[in-house]
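In what follows, a single structure is set out as structure tokens and then discussed.
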Amino acid sequence: MTSFRFTKELRLRSQADFDRVYAADHFAADGVLVIRGVANELDHCRLGLSVSRKVGNAVVRNRWKRLIREAFRLAQHDLPPGLDLVIRPKAGAVPNFDAIRRSLPQLAARVAKKVRQNRN
RNA sequence: AGAGUUGACCAGGCAAUCGCUGGCUCUUUUGAGCGAGAGGAAAGUCCGGGCUCCACAGGACAGGGUGAUCGGUAACGCCGACCGGCCGCGAGGUCCGGGAAAGUGCAACAGAAAGCAAACCGCCGCGCACCAUUCGAGCCCCCGUCGUUAUGAGUGGGCGCGGUAAGGGUGAAACGGUGCGGUAAGAGCGCACCAGCAGCGGUGGCGACAUCGUUGGCUAGGCAAACCCCACCUGGAGCAAAGCCAAGCAGCAACCAGAGGCGGUCCGUCUCGUGACGAGUUGCGGGUAGGCUGCACGAGGCGGCGAGCAAUCGCCGUCCUAGAGAAAUGAUUGCCACCGCGCCAGCGCGGCACAAAACCCGGCUUAUCGGUCAACUCUGGGG
RNA sequence: CGGGGCGUAGCGCAAUCUGGCUAGCGCGUCUGCAUGGGGUGCAGAAGGUUGCAGGUUCAAAUCCUGUCGCCCCGA
């Protein structure tokens with residue numbers, strides 16, 4: 001049976017991890033999310049969130065983070081493996097769970113393609 | 001029935017599945033089970049306190065804050081009651097409300113004048129005899145002269161001196177109001193009533209204050225959210241405080257004998273003890289970015305009884321109820337509430353606020369869909 | 001957590017400390033003249049709830065209180 005648990009091993013938790021992602025500078029975006037990614041040495045993906053104060057007040061920011069985490073949890077086995085992803089909301093977008101679930105795998109695939117091209 | 005005032009409270013509910021963060025138990029690698037898991041404002045960070053570290057003999061002055069009275073409180077700039085001004089028919093609301101008969105200062109424009117009073121126009125008296133006009137024969141006496149363009153008198157204007165503040169007009173504001181007397185004209189100049197002030201006394205109240213009597217003087221302007229005066233309060237920093245453990249690195253310079261430290265300043269006080277090291281302080285540089293404590297039993301919640309108008313307090317019983325560090329409550333459904341719209345009248349669709357702890361607590365302020373309850377007021381109708 | 005600053009015309013700034021004077025200046029905008037047309041030039045005009053709400057005062061952009069938004073600094 002496949003596990004959909006979401007533990008601390010699946011998250012980016014240090015400033016160094018975030019710096020690695022920003023230094024690689026592979027990103028993809030649509031009307032809902034902006035994703036940056038870089039390859040890690042693991043067999044699964046890890047998630048980092050960046051939701052600034054300009055997105056809204058504390059309730060809106062928490063809403064975004066929870067919806068993105070939930071989408072990542074449910075989609076974790078459908079994503080290209082071995083990526084560290086930093087996700088932030090697109091400026092002006094409103095938090096909607098269905099839109100995030102559709103957007104996340106597509107953008108992750110595009111980031112994975114860019115990472116492979118850059119490696120070659 | 002309608003219109004309103006004030007206060008208290010709720011913040012959709014019950015389940016299912018997949019997940020998240022602490023706690024306990026089991027397993028002792030994965031994990032499993034049980035139970036807990038945001039608010040009335042958690043917000044803004046505007047006040048106050050607890051707690052921790054630093055400083056501290058004491059005093060004075062600065063600086064900052066508060067401002068009727070009495071009470072509540074750990075404390076407050078908060079709360080309650082009460083007093084006063086203003087608003088409302090009323091229930092109530094609101095102002096916070098010390099001092100301008102200590103001093104300095106400010107008031108554009110207009111106006112004579114903007115502050116201890118003064119006097120532009122005006123009114124009144126006296127003087128001059130310059131102008132106009134009316135009357136028409138003269139003067140204390142004598143002599144002379146003048147003769148209707150003289151002289152004198154009256155009226156009006158003018159000039160000078162003085163009295164006055166009733167009236168005029170300006171302004172946000174002009175030194176009580178009305179009436180009678182009084183006067184050359186006037187004026188608290190005198191009197192009566194009213195408004196208002198100060199002193200003294202009585203009564204009620206802990207008090208602010210209210211009220212009554214009496215005496216005095218007739219009026220004392222506004223702004224202190226201008227400086228200021230008075231009374232009271234007031235060390236600094238903040239949980240990234242602070243303490244412990246582990247890991248790791250590299251030190252350098254300046255200051256030190258009459259000098260240094262001591263809240264913003266001063267009085268004063270403290271430390272060191274004859275010259276260098278160390279310590280210390282300051283500055284520059286280097287290393288670390290891990291863990292634990294602080295950290296949730298507290299001015300605590302709920303219920304009852306009692307004291308008090310109330311804020312609040314006392315006693316008894318009972319309960320333990322979030323605690324992270326890339327940061328925990330979400331997703332998908334079902335049923336039932338509430339609101340709106342549509343129609344085939346019980347179905348469909350849509351909506352369901354403001355907003356999320358980060359050391360803790362007491363307040364204040366601000367945001368907020370909708371709903372419940374209580375007390376009271378006014379108006380209309382009926383009995 | 002602590003501290004500081006700023007909101008005035010479409011834009012950039014004065015006047016705020018010390019309350020009163022027509023809320024002013026530059027760029028921009030509009031109209032007219034000159035040109036075949038445009039730029040330039042000349043002449044003239046419009047444009048402001050002084051972020052918002054209360055209060056003090058005769059009078060508030062200015063003083064006081066609350067509130068909203070933005071920016072910066074330190075730990």
Side-chain angles (χ1 to χ4, degrees):
Chain A
M1 170 180 169
T2 309
S3 171
F4 288 97
R5 303 194 67 243
F6 182 66
T7 60
K8 284 185 180 179
E9 287 72 28
L10 297 177
R11 304 184 205 171
L12 294 182
R13 302 188 64 202
S14 73
Q15 186 64 48
D17 292 335
F18 278 81
D19 288 344
R20 235 163 43 79
V21 174
Y22 286 122
D25 196 28
H26 303 306
F27 78 95
D30 59 11
V32 183
L33 299 175
V34 176
I35 299 185
R36 293 167 186 275
V38 71
N40 60 20
E41 302 305 317
L42 306 170
D43 59 353
H44 56 77
C45 285
R46 294 193 298 176
L47 172 67
L49 292 168
S50 171
V51 182
S52 84
R53 203 162 56 84
K54 307 209 172 186
V55 173
N57 60 27
V59 173
V60 173
R61 296 199 300 272
N62 272 336
R63 178 85 182 156
W64 269 109
K65 289 190 273 190
R66 285 166 182 155
L67 292 179
I68 294 171
R69 266 199 295 270
E70 180 71 7
F72 181 86
R73 182 181 74 83
L74 294 172
Q76 55 182 294
H77 301 295
D78 304 325
L79 297 176
L83 285 177
D84 282 346
L85 301 173
V86 173
I87 304 180
R88 67 175 173 87
K90 182 78 175 179
V94 294
N96 179 278
F97 185 65
D98 291 333
I100 293 170
R101 283 209 65 179
R102 283 195 302 273
S103 170
L104 178 61
Q106 298 171 9
L107 295 176
R110 284 163 55 188
V111 169
K113 188 177 171 187
K114 284 196 177 184
V115 169
R116 281 196 306 274
Q117 286 175 348
N118 186 263
R119 188 178 291 165
N120 299 337

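All values derive from a computational prediction rather than experimental measurement. Naming: A, B, ... by sequence-line order, numbering from 1 per chain.
Spacing of P atoms, B/G340 relative to B/U365, comes out at 34 Å, to the nearest Å. The gap from the C1' atom of B/G92 to that of B/U5 amounts to 6 Å, rounded to the nearest Å. Rounded to the nearest Å, the gap between the C1' atom of B/C315 and that of B/C89 is 49 Å.
Considering only heavy atoms from C-beta on, A/E70 stays 4.5 Å or farther from A/F6 through its side chain.
Atom CZ of A/F72 is separated from atom C1' of B/C20 by 15 Å (rounded to the nearest Å). Taking atom CZ on A/R73 and atom P on B/U332, their separation rounds to 12 Å, with Å as the unit.
The only member of A/L10, A/I87, A/L83, A/L104 that meets side-chain contact (heavy atoms from CB on, under 4.5 Å) when paired with A/L47 is A/I87.
The hydrophobic clustering, which links ILVMFWY residues whose side-chain heavy atoms are closer than 4.5 Å, places A/V51 and A/L33 together. Hydrophobic clustering (side-chain heavy atoms under 4.5 Å, transitive across Ile, Leu, Val, Met, Phe, Trp, Tyr) groups A/F72 together with A/V115.
Taking all atoms of both residues into account, the shortest heavy-atom contact from A/L79 to A/P105 is CD2-CA, 3.9 Å.
Anti is the conformation of C/U35, whose glycosidic angle sits further than 90° from 0. Nucleotide B/G84 carries an anti base; the chi torsion (O4'-C1'-N9-C4 or O4'-C1'-N1-C2) is more than 90° from 0. The glycosidic torsion of B/A38 lies within 90° of 0, which places this base in the syn conformation. Classification of C/G19 as anti follows from a glycosidic angle more than 90° from 0. Base orientation of B/G370: anti (glycosidic angle beyond 90° from 0).
More than 12 heavy atoms of other residues, nucleotides or ligands sit less than 6.0 Å from atom CZ of A/F97.
In this entry B/U312 has B/A307 as its Watson-Crick or G-U wobble partner, both defining distances falling under 3.5 Å. Across all strands shown, B/A1 forms a Watson-Crick or G-U wobble pair, both distances under 3.5 Å, with B/U379.
Residue A/L74 is out of contact with every strand shown, counting any heavy-atom pair closer than 4.0 Å.
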Pick out the pairs of N or O atoms, protein on one side and nucleotides 352-359 of chain B on the other, that lie under 3.5 Å.
{"residue": "B/A356", "atom": "OP2", "partner": "A/A58", "partner atom": "N", "Å": "3.3"}
{"residue": "B/A356", "atom": "OP2", "partner": "A/V59", "partner atom": "N", "Å": "3.3"}
{"residue": "B/A356", "atom": "N7", "partner": "A/N62", "partner atom": "ND2", "Å": "2.9"}
{"residue": "B/A356", "atom": "N6", "partner": "A/R66", "partner atom": "NH1", "Å": "2.2"}

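Through direct or relayed side-chain contacts under 4.5 Å between Ile, Leu, Val, Met, Phe, Trp and Tyr, A/V86 connects to A/L12, A/F18, A/V21, A/Y22, A/V38.
Taking 3.5 Å as the limit, the base of B/C20 and the side chain of A/R69 contain no donor-acceptor pair of atoms between them.
Base-pairing analysis of RNA chain C finds the following stems of at least three consecutive Watson-Crick or G-U pairs, with both pairing distances under 3.5 Å: C:1-7 with C:68-74, C:10-13 with C:24-27, C:29-33 with C:41-45, C:51-55 with C:63-67.
The stretch residues 99-110 of chain A has no heavy atom under 4.0 Å from RNA chain B, so no residue of it qualifies as close.
Evaluation of the salt bridge (charged side-chain N to carboxylate O under 4.0 Å, His left out) rule for A/D25 yields A/R36 as partners, not counting sequence neighbours. Partners of A/R20 according to the salt bridge (charged side-chain N to carboxylate O under 4.0 Å, His left out) rule, which considers only residues two or more places apart in sequence or in another chain, are A/D84.
The side-chain ring of A/F97 is not stacked on the base of B/A331, judged by centre separation under 5.5 angstrom and plane angle under 30 degrees.
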